[in-house]
Asker: 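Sharing a structure with you now.
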There are 2 protein chains.
Amino acid sequence: MSASETHWLSSEQQRAWRAFIIGSTLLTDTLDRELRQAHGLSLGEYEILVRLSESPDRTLRMAQIAESMQHSRSRVTHTVSRMEKAGLIARCAAEGDRRGVEARMTDKGWDLLVQAAPTHVNGVREHFVDLAGDAEFATMGKLMNAVADHLLAVNPAFEDIRDTAE
Amino acid sequence: MSASETHWLSSEQQRAWRAFIIGSTLLTDTLDRELRQAHGLSLGEYEILVRLSESPDRTLRMAQIAESMQHSRSRVTHTVSRMEKAGLIARCAAEGDRRGVEARMTDKGWDLLVQAAPTHVNGVREHFVDLAGDAEFATMGKLMNAVADHLLAVNPAFEDIRDTAE
DNA sequence: GCATAGACGTTGAAACTTCAACTACATCTC
DNA sequence: GAGATGTAGTTGAAGTTTCAACGTCTATGC
């Protein structure tokens, strides 16, 4: 990638790329809006609740949330603070590491997740899954998996940095 | 979608969906960061410049920018203001409609776009296009196109609203 | 022609994210 | 076992996006 001539995209590739950008923007915006309107929850908050719900004791360390969401630590601090104020999450000291903080989903958080999940899943189906054949959808999944793997591998910064001075 | 039983995703679908979320997040974050580091330009600003560069007179009405980017009008106002302050864009009164404002790319904006485009295209290739076979990439493009069409059709709000009281 | 409604864009405040310190604790090294 | 370095999380300010209200102009209906 260091030649002086850039290898531009074909017009077909360009169309596909733009469809990706606009489609994924529209899709996440729509899912976010549906969740907000129905349950007052952003897509990001919803995803935090999902991760907590899948963890033992419905509890996760702050850093694990940050890593799995690809968010900076400080973003997670702020988001969890808001969710704590809303009563969806409680913070506790982590066992075994006195620096650590654990976020635990409250019953109220669980109840909200139970309500919100159908909204979200129906949205994902209606706006995405059902628009593709099974094979198409699987192809997309494989490709995006490769993208994620590639970027995690290529970009050491993603392991953790994001918030530390580079 | 109104039955009381939710039709959950299969675990394979769930994996594909999560790959999509994480992959697209990582991808846009990476492209954004590469552009910022190399040229001090965000991905959104870059895309505005691209759209201007493709328009007659390198000029576009504010509302056209907003619509094509799926951004709210006020977001475009703020972004264009920053880009104007940076000397990349100039605002002029629109002809024929005294309410209107046109954003015109300056020479400085053009020069920056010329510099930035290879960075962006190389990133898109390296992190996305080259990871897929042509057929795979085309499949993805077709799917995302369907998603965009569906959401634009289903959601009248996207035509314009976004900033107006709903 | 006047009133009402609609469209264009801006404004300022609130909400959210990023960025650069910073505190506290853990680990590593000698 | 003391100092250096690294990790966990927070903080507050700066930057960006959203939200609601507004001012201006255009189009519509009467």
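So that the names make sense, note that chain A is the first sequence line, chain B the second, and so on, each numbered from 1.
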Asker: Measure from CD on Q70(B) to C1' on dT18(D) and round the result to the nearest Å.
Answerer: 16 Å
Asker: Go through the N and O atoms of the side chain of S74(B) and the base of dC19(D), and report whether any donor-acceptor pair is under 3.5 Å.
Answerer: yes
Asker: Identify, residue by residue, the members of residues 46-66 of chain A with a heavy atom below 4.0 Å from DNA chain D, and return them in order of residue number, or none.
Answerer: R61(A), M62(A), A63(A)
Asker: Taking NE2 from H71(A) and P from dC19(C), how many angstroms apart are they, rounded to a whole number?
Answerer: 14 Å
Asker: When the nearest nucleotide of DNA chain C is assigned to G100(B) and to R36(B) on a heavy-atom basis, which residue is associated with the more 5' position?
Answerer: G100(B)
Asker: dT18(D) P sits how many Å from Q37(A) CD, rounded?
Answerer: 15 Å
Asker: Can you check the E67(B) CD to dG9(C) P distance for me, whole Å?
Answerer: 11 Å
Asker: Is a side-chain donor or acceptor of T79(B) paired with a backbone partner of V76(B) at a separation under 3.5 angstrom?
Answerer: no
Asker: What residue pairs, at least two apart or across chains, pass side chain to side chain donor-acceptor pair (under 3.5 Å) with a residue in residues 89-110 of chain B?
Answerer: S81(B)-R91(B), E84(B)-R91(B), D97(B)-R99(B)
Asker: Just how far, in rounded Å, is P of dA15(C) from CG of L41(A)?
Answerer: 17 Å
Asker: What is the distance, rounded to the nearest whole Å, between atom CZ of R33(A) and atom P of dT18(D)?
Answerer: 12 Å
Asker: Where along residues 77-88 of chain A does a heavy atom fall under 4.0 Å from DNA chain C?
Answerer: H78(A), T79(A), R82(A)
Asker: Please say which of D57(A), L88(A), I89(A) ends up in a side-chain contact (heavy atoms from CB on, under 4.5 Å) with L52(A).
Answerer: I89(A)
Asker: Using atom CE of M69(A) as one end and atom C1' of dT17(C) as the other, report the distance to the nearest whole Å.
Answerer: 13 Å
Asker: Between atom CZ in R75(A) and atom C1' in dG12(D), what is the gap in whole Å?
Answerer: 18 Å
Asker: Pairs in or reaching into residues 132-151 of chain A: which pass side chain to side chain donor-acceptor pair (under 3.5 Å), with residues at least two apart or in two chains?
Answerer: H150(A)-H127(B)
Asker: Between the protein and nucleotides 24-27 of chain D, which nitrogen or oxygen pairs are less than 3.5 angstrom apart?
Answerer:
from	atom 1	to	atom 2	distance (Å)
dT26(D)	OP1	R98(B)	N	3.3

Asker: Is the closest side-chain heavy-atom distance between R51(A) and Y46(A) below 4.5 Å?
Answerer: no
Asker: Only pairs at least two apart or in different chains count here, so list each salt bridge (charged side-chain N to carboxylate O under 4.0 Å, His left out) that has a residue in residues 8-24 of chain B.
Answerer: E54(A)-R18(B)
